Structure formats: structure tokens, C-alpha cells
Amino acid sequence: MPGGRLTDEDRQHIAAGLAEGLGYAEIGRRLGRPASTIMREVTRNGGPDDYGAERAHEATRHRARRHKRARPPAPPISDGGHGRDPQAVQNFTESFIALLVQQGLPRMEARVLACLYVTDSGTLTAADLVQRLHVSPASISHAVAFLEQQGMLRRERVPGARRERYVIDDEIWLRSILASLRMNEALAAASQRGADILGAATPAGARFESSAELLSLVSAAFRQVVEQWQGRSARRSVHPPGD
């Protein structure tokens, strides 16, 4: 939300704006907030005819306290020990989640991915994820569907049971890079078509021509990195560490 959370003063302005008969868009413009923020604030606190700034502020504080009690932070869960400091693992996991979110992954999907990533097995069931993350099964299901679509995990049937488990492996980022490579090559091809159609001698065509050149260089670099990684992986499989 631009500017952070709504303050008591913001709510006073909202109440004054409603009393003047202003719309959500105009109130938001005066406060530097999206109209959708104003609409949600008013709707959840009595509507335009019954909105009160002090009552809304107190209701928001009450909801925050209730949410905090209902959703305590998930405690560190041991994953086999190995002499690890559980709190250090938890702190790292939270920082890794923040990094994934910063890179564009939705927060719930980032939490599921990180939870799988820090386990030695790389495998958890939906029930395991619900217990560790303190979220609903529906939240896990939606996050898993998204991550599976992105090639970041796969499903397996638990032997002798009807349950599924979710698995990541050492090639998670390789698949992600390959997916990015496919998208990059599609953009390069489209840019070249744009240059051909618009004419490379025109400003618009030249723009597409330049984009196609850059994207092609990126694709070539990606392919070189993938080939190097696959070569190293093959050598490790023949000569495992410690041999």
C-alpha cells in the first residue's frame, strides 16, 4: 500500500470526504492512495453511510490483534538434526522466502518452496506443509498447483497410500532457467518479426531489431550455462565426491 497502513488521520480524512459526498477515487487522490484501498476500508467498516474514523481505527487494531493470536509464527521443525541450530535454520528460511518474494514469487508459493527446499528429503505431503506453515489445505493446494505449473516441483503418489507428496530436486533451477530460455527465445523471434514487418530502417523497427539482438545474445549465454552445468552433473554422477 503506498505510504504504508492507513493512519487515524487518514481515516479522519476519509470520513470527512464521505461527509462531503466525494467518491472513493477523489478521496484516494487527496490521500495519495488507490481508490480500491479506500473502498476496502469503507466497506469493511460500516459502508459509506455508517463509516466512523475512530470506530474504524479501533476495529482495525482489533482485527490485527485477533489475526496475530490466530496465526502465530510457525516454530522451527527439526529435519533430522545433523547438529543444526533450529533457530538459525528458521531465520535462514525466512530470509530465503523474502528473497523469493522479491524475485516475483507470490508469498505463499515462496513459503511452500522454501519449506521443501530446506528439508533433506526434498519431499513433503500436503499434511506436512499444513503443519509446518500453519495454513489451510486449500492454500497449500493452490500454491502447489502454481509451482508445479512453473516446473518447480512435482507430485508423487505415496507408495501404498492414496496421498500425494510434493518433491523438489537438484534440477529445480535448471528447469526454471530452461523455462526462461524458452520465453526469451519466443520474445527474440517475435522481436525479429517485428523488425522485419516494421522495417529495420524505421525507429520502431530498429527498436525491435535491437531487442532481438540482445535477446538472442541472452539465449546463447543461457544455453552455454546449461551445457556447462549438464557436463558437470554428468561428471559428478560418474565420480561422486569422496571417490
Side-chain angles (χ1 to χ4, degrees), residues 1-4 23-40 92-118 122 139 141-155 166-239:
M1 182 187 299
Y24 298 142
E26 177 60 21
I27 296 173
R29 187 187 66 79
R30 294 186 179 187
L31 291 176
R33 307 276 185 159
S36 58
T37 297
I38 308 303
M39 181 181 69
R40 285 194 300 270
F92 167 75
T93 303
E94 290 299 325
S95 66
F96 190 59
I97 290 169
L99 178 60
L100 292 173
V101 171
Q102 186 179 7
Q103 295 298 314
L105 202 63
R107 181 163 180 80
M108 180 53 62
E109 283 75 357
R111 294 183 69 200
V112 169
L113 184 61
C115 193
L116 278 163
Y117 214 113
V118 300
S139 296
S141 178
H142 292 153
V144 164
F146 177 90
L147 293 170
E148 184 180 30
Q149 185 180 30
Q150 300 301 312
M152 304 185 84
L153 58 72
R154 69 178 186 274
R155 300 170 189 255
Y166 310 121
V167 184
I168 62 169
D169 54 36
D170 294 344
E171 295 192 343
I172 174 176
W173 300 120
L174 176 60
R175 287 193 297 274
S176 179
I177 289 172
L178 289 174
S180 297
L181 176 59
R182 288 190 292 271
M183 176 58 70
N184 193 76
E185 291 181 335
L187 288 171
S191 296
Q192 189 58 59
R193 286 197 304 273
D196 295 340
I197 292 170
L198 294 167
T202 68
R207 188 180 306 122
F208 276 101
E209 182 78 22
S210 176
S211 297
E213 183 179 357
L214 173 61
L215 292 166
S216 295
L217 288 172
V218 171
S219 290
F222 269 31
R223 288 201 173 278
Q224 184 178 11
V225 168
V226 168
E227 289 171 4
Q228 289 177 349
W229 173 252
Q230 290 173 333
R232 291 184 181 184
S233 295
R235 288 193 294 274
R236 278 196 298 270
S237 65
V238 175
H239 301 291

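Remember, it's a predicted structure, so these values are computed and weren't measured experimentally.
Counting heavy atoms from C-beta outward, I168 and M152 have side chains that stay 4.5 Å or more apart. When side chains are defined from C-beta on, S211 does not count as touching F208, because their heavy atoms never get closer than 4.5 Å. Between R154 and Y166, every side-chain heavy-atom pair lies at or beyond the 4.5 Å cut-off. Y117 has its side chain within reach of I172: a pair of non-hydrogen atoms, C-beta onward, lies under 4.5 Å apart.
Atom CZ of F222 sits about 10.5 Å away from atom CG of L215, to the nearest 0.5 Å. Rounding to the nearest 0.5 Å gives a distance of 10.0 Å between CG of L153 and CD of E109. Here the CG-CG distance, from L187 to L214, works out to 11.0 Å after rounding to the nearest 0.5 Å. Annotation: the span from R111 atom CZ to E94 atom CD amounts to 7.0 Å, rounded to 0.5 Å. Taking CG from L31 and CD from E26, the interatomic distance works out to 10.0 Å, rounded to the nearest 0.5 Å. The CG atom of L178 sits 13.5 Å away from atom CH2 of W173, with the distance rounded to the nearest 0.5 Å.
S210 places no side-chain N or O within donor-acceptor distance of the main-chain N or O of A206, the cut-off being under 3.5 Å.
Each salt bridge (charged side-chain N to carboxylate O under 4.0 Å, His left out) pair with one or both residues in residues 175-184, not counting sequence neighbours, appears once here: D169-R175. The salt bridge (charged side-chain N to carboxylate O under 4.0 Å, His left out) pairs that include a residue from residues 202-217 number zero, where partners must be two or more places apart or lie in different chains.
Partners of R223 by salt bridge (Lys or Arg N to Asp or Glu O under 4.0 Å), not counting sequence neighbours, listed by chain and number: E185.
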